[in-house]
Each structure stands twice: as structure tokens, then as C-alpha cells.
Amino acid sequence: MRTHHGGKRAGAGRPKGRASRATIQQKGTLSDLARQHTAIALKALVDVATKGESESARVAAANHILDRGYGRPTQSHEHSGPDGGPISVADLTHATEEQLAALEAIFGPLAGSGGDDEGDPGGEGSAAG
């Protein structure tokens, strides 16, 4: 009787898609290292945030801690006009004093006081007093 040597045998070997034993051990090691690094880095950030020498270092460390916990906010916002088109703007450089006063009477209360009691948003008018 002849024995079969080599070649593919049904049911033999690692199932398709499953990680090898070596890969599983490496992943365990890498994830352990990542956890240790994260813990060390977070402790260092907390130390700087609470005992840092300068206020800017404490604030930067606190921001990094918040970024790790909550993720970074998006930095840019895209604004557009109706139907994604350009934003309409009005050129008021040639408007008369009466037209500007009428616009300020309409839109001034919407802008809030902002500490500007003079009513001259460009800051080019004459100073009272």
C-alpha cells in the first residue's frame, strides 16, 4: 500500500482568514505596548496640565488631553449661499450717509451693542467730545 505524501489535504492547516499563531502573539504584544504608551503619555500630560511651569504649557497639555478624550473638532467650516452657490455681498463703499444710517437703524439692533456706542463700524467717523 502506497502512502500519500505532500500536497493539499482536506481540512488540513489554518482556516482561511484566520490569523496565524505568530500574528496573534504579535498583536497581543503590540496592543500591550500601545496601552502602556498611552497610559504613560496621558500621565505625563496630566502632570504638565496640573504642575506645568508656564500657563501656555498647562493649556496645551489640557487641550491634548481633551483631544484624546473627545477627538479634535473640525478646523474648517465651509459656508455657501443658496443652493451651494456663492454668498451674496453688498458693496457699501459708495453708499451715502443717509443710506448707511438707514441700514444701521435696521440691522444695528441685530448686531447687539458690542460696546460700540458711536454707530460707526468702520471707525472712520469723527470722535465725539
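Just so it is clear, the structure is predicted and the values come from calculations on it, not from any experiment. Starting from 1, each residue takes its place in the sequence as its number.
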Mark yes or no for whether D83, through its side chain, and G85, through its backbone, hold a donor-acceptor pair below 3.5 Å. no
Please report the shortest heavy-atom distance between [X] and [Y], naming the atom on each side.
X   : Y   : result
V48 : A61 : CG1-CB, 3.7 Å
P82 : P86 : CD-O, 4.3 Å
A62 : A49 : N-CB, 4.1 Å

Once you round to the nearest 0.5 Å, how far does CD of E104 lie from CD of Q99? 14.0 Å
Distance, nearest 0.5 Å, that separates NZ of K51 from CZ of R58: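 Atom-to-atom, K51:NZ and R58:CZ are 13.0 Å apart.
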Single-linkage hydrophobic cluster L92~I106, side-chain heavy atoms < 4.5 angstrom: yes
Taking L100 as the starting point, is it possible to reach F107 by hopping between hydrophobic residues whose side chains are less than 4.5 Å apart?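 Yes, F107 and L100 fall within the same hydrophobic cluster.
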List, by chain and number, the other hydrophobic cluster members for V46, where Ile, Leu, Val, Met, Phe, Trp and Tyr join if side-chain heavy atoms come within less than 4.5 Å, directly or indirectly.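 Same cluster as V46: L42, L45, I65.
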So, using side chain to side chain contact (heavy atoms under 4.5 Å, CB included) as the criterion, who are the partners of A60 when residues are at least two apart?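 Once residues adjacent in sequence are excluded, A60 has no partner under the side chain to side chain contact (heavy atoms under 4.5 Å, CB included) criterion.
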Under the side-chain hydrogen bond (donor to acceptor under 3.5 Å, both in side chains) rule, collect the residues that match up with T50, sequence neighbours excluded. none
